[in-house]
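The block underneath contains the structure these notes are about, expressed in structure tokens.
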Amino acid sequence: MPITTHVAQALAAALEYPPEHAPGLGRSLTRPPSPALGDLAFPCFALAKQLRMAPPKIAADLAARIRPDALIARAVAAGPYVNLFLDRTAAARAILGPILADPARYGSRNIGGGQVIVLDFSAPNIAKPFHFGHLRSTNIGAGLARIFSFLGYRVVRKNYLGDWGTQFGFVIYAWQRWGDAAELQARAIEYLVELYVRAYRQSETDPTVREQARHLFLRLEQGDPDIAALWQQFRELSLAGFMKTYQRLDIAFDSYEGEAAVNHLVEGVIERFVRAGVAEESQGALVVQVSGVLGREIAPLMLRKSDGASTYAARDCAEAIDRWERHGFSANIYVVSRQEDHFAQLFAALTRLAAAEQWEAHWPATCENVSFGYVRGMSTRKGEAVWLEDVLDEARDRARRIREEKSAANPRAFPTLSAAELDHVSESVGQAALLYFDVSSRRLSDVTFDWDTVLQFEGNTGPYLQYSHARMCGIFRRAVAEGLAAGSGTPQAGPEPADEEWLLVLKLGEFPAAVAAACTEREPHEIAKFLHELASSFNAFYNKHTVIDPADPATSAARLTLVRATQVTLANGLKLLGIRPLETM
RNA sequence: GCGCCUGUAGCUCAACGGACAGAGCACCGGCCUUCUAAGCCGGGGGUUGCAGGUUCGAUUCCUGCCAGGCGCGCCA
């Protein structure tokens, strides 16, 4: 039983509440601002309203009524708070026991019960660069996918590629005009992007370019075999390039079907909107009014342009309906930035169709747009985009250089690595810097790309977490060398934990709540924040105490157990963020 | 003009309506003959954009300003 559950029950008993009130009380438990004040704190403000008594009075009464037991050492009132001190030895066993009993699953819980979540993320545009800005959707989405899955949901990862639209007209126009097969062969994506940018730039001074591009796309829509063959080739080349990046980052999707794959459904769906009386004609276009549903003035969702062509919004409608029919999701989440209006329109239009057609399952209400902040300094058209592959390469190279400097300065501390191991470490550390940077703030805050900020290796960074993990693994290596069990057993009753050990234990107990918060808030940052606090607690402990002391086997064993619990918790959290826990650095 | 988002330390960012607003970077001072110094300990640094309101209590909620970002039917 988690400590907080036990404490909540003790609080309920002291208040003479029935046991079913305990979970509610447990939710308001916090940590006091300073460890000297206590291990857990219960604020009495909510009770003050119910009991019509001053909070400090309630706190004093409550503190006096809480009976110390095996876990609760004492309760003291401090103003409007009841602060609880726990029995460190007993509490440490209660927290560490479950971690060591099933290390790989610590932090997980079956909240999802096998319900399906469709998660749409990454979704790069074919023939546009996969630049640093795309890392946000990819990383946040992949993180959420792992978190949902860890909590018992069945996750369908969709990479809804932007593989349809006028941009292909531009690329094909450029290809027909300047195309060079050797270049395409040599460096597919970069070359396609150059073609796109070149055509787009020319269209800014020469409007006929835009016309020709539109015409080419129209031919593609009409099934012109030559154009279709080019489209197919460009799509495959681009996807092959994206796949290299995904493999590098250990990310895989269940589907790479893009907009083109729902084209055959679009006309049928538009027809449904019309027949249901939801769509109407406006200025020659076919639209769905959504201001009423949303309760504010907003442009309608456009299904068909005045020239008769269907829109991406119509494709999104068709795609959503198709998702529901295929997966029957409990949530349909789009990890897409800066398109709040579009998704509001999309969900509202589906809501109107649901009402008109009297659907039994009101699934449009389960559709969500998980947005995130803007990456500044990264416009494709202005040519200032930084390719993700280049950032990954630079991160890896810097990581390698730093490792070489450090190992040269202190050769004894650094194990000799084979070339392959060094490659793996450099790559993993570089990725950690990038991936952690992305989740080191809440997703809605804007970020500015800056090499030196993004590629930090010290302080609150990914490499710091990996470094902490590697230190722990170093302790286990020494333990084995000394002939000790490397913290694998169940926690034994050892000496009472010292302050630094105790704070680490308490922090470990908070991991499941951090994972749950990351899930409900759709916010991987919750885990990043926790891991930094965890590593920080560990390093404070590590610096103050020696784990392995051959002269003191009891303390060594207790500390090895604590370090093992910390290492597996850190590893679980890092994996959720897509960062590789390293045994050595 | 309308909508969404954001204003917190020099910089990058935290803080379920709760105790004295916290971390990292940068700066200053300490700590490697002991398990990796990519680390630890200490220090200076703040009118939380401004003005009101709600209440026992507001960085957090509401209103109005100011500033920035993004978007606003035939690009996707």
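Convention: sequence-line order gives letters A, B, ...; per-chain numbering from 1.
Contact annotation for A:Y464: backbone-only contact, meaning every heavy-atom pair under 4.0 Å involves sugar-phosphate atoms and none involves a base. Using a 4.0 Å heavy-atom criterion, one finds that A:P415 contacts no nucleic acid atom at all. Using a 4.0 Å heavy-atom criterion, one finds that A:A309 contacts no nucleic acid atom at all. A:N83 comes within 4.0 angstrom of a base, heavy atoms only. Residue contacts for A:P43: at a heavy-atom cut-off of 4.0 Å it reaches no nucleic acid atom on any strand shown. Contacts of A:R559 with the nucleic acid, taken as non-hydrogen atoms under 4.0 Å apart, are absent. Among the protein residues, A:I298 comes within range of no part of the nucleic acid, since none of its heavy atoms lies under 4.0 Å from any strand. As judged by a 4.0 angstrom heavy-atom cut-off over every strand, A:G162 is placed among residues making no nucleic acid contact. Within 4.0 Å of A:H469, counting heavy atoms only, lies no atom of the nucleic acid at all. Within 4.0 Å of A:K529, counting heavy atoms only, lie sugar-phosphate atoms of the nucleic acid but no base atom. Among the heavy atoms of the strands lying under 4.0 Å from A:R403 is at least one base atom, whether or not backbone atoms are also near. Among the protein residues, A:S306 comes within range of the nucleic acid bases, having at least one heavy atom under 4.0 Å from a base atom. Within the nucleic acid shown, A:E482 has no heavy atom closer than 4.0 Å to any nucleic acid atom. Using a 4.0 Å heavy-atom distance criterion, A:H342 is classed as making no nucleic acid contact.
For B:A37, the OP1/OP2 oxygens have a side-chain nitrogen or oxygen of A:Y467 closer than 4.0 Å. Considering only side-chain N and O atoms, A:T166 lies under 4.0 angstrom from the phosphate OP1 or OP2 of B:A76. Between A:R412 and the phosphate of B:C32, there is no side-chain N or O to OP1/OP2 separation shorter than 4.0 Å. OP1 or OP2 of B:A15 has at least one side-chain nitrogen or oxygen of A:R442 nearer than 4.0 Å. Listed pair A:S203 / B:C75 fails the phosphate criterion, with no side-chain N or O lying under 4.0 Å from OP1 or OP2. An OP1 or OP2 oxygen of B:A76 is reached within less than 4.0 angstrom by a side-chain nitrogen or oxygen of A:K305. The phosphate of B:U36 (OP1 or OP2) has no side-chain N or O of A:R471 nearer than 4.0 angstrom.
Listed candidates were B:C56, B:C72, B:U36. Nearest to the side chain of A:D341 is B:C72. Here the side chain of A:I402 is nearest to one of B:U36, B:C74, B:A38, namely B:A38.
Annotated as anti: B:G30, whose O4'-C1'-N torsion sits more than 90° from 0. Taking the O4'-C1'-N9-C4 or O4'-C1'-N1-C2 dihedral as appropriate, B:C5 has a value more than 90° from 0 and is therefore anti.
Between the side chain of A:Y312 and the base of B:A76, a donor-acceptor pair under 3.5 Å is found.
When the C1' atom is compared between B:G3 and B:U8, the two are found 26 Å apart, to the nearest whole Å. Look at the C1' atom in both B:C13 and B:G17: the space between them is 22 Å, to the nearest Å. Only the P atoms considered, B:C41 is 14 Å distant from B:A37, to the nearest whole Å. Taking the P atoms as reference points, B:A14 lies 31 Å from B:G29, given to the whole Å. Comparing B:C28 with B:A67, their P atoms are spaced 38 Å from each other, to the whole Å.
The residues A:E482 and A:R478 are annotated as salt-bridged, a charged nitrogen and a carboxylate oxygen being separated by less than 4.0 angstrom.
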Using distance only, find each side-chain donor-acceptor pair of residues 22-32 of chain A under 3.5 Å and give its atom names and separation, not counting sequence neighbours.
| from | atom 1 | to | atom 2 | distance (Å) |
| --- | --- | --- | --- | --- |
| A:S28 | OG | A:L25 | O | 2.9 |
| A:R31 | NH1 | A:E510 | OE2 | 2.6 |

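Both the sub-6.0 Å distance and the 45° axial angle are satisfied by A:R564 relative to the ring of A:F476.
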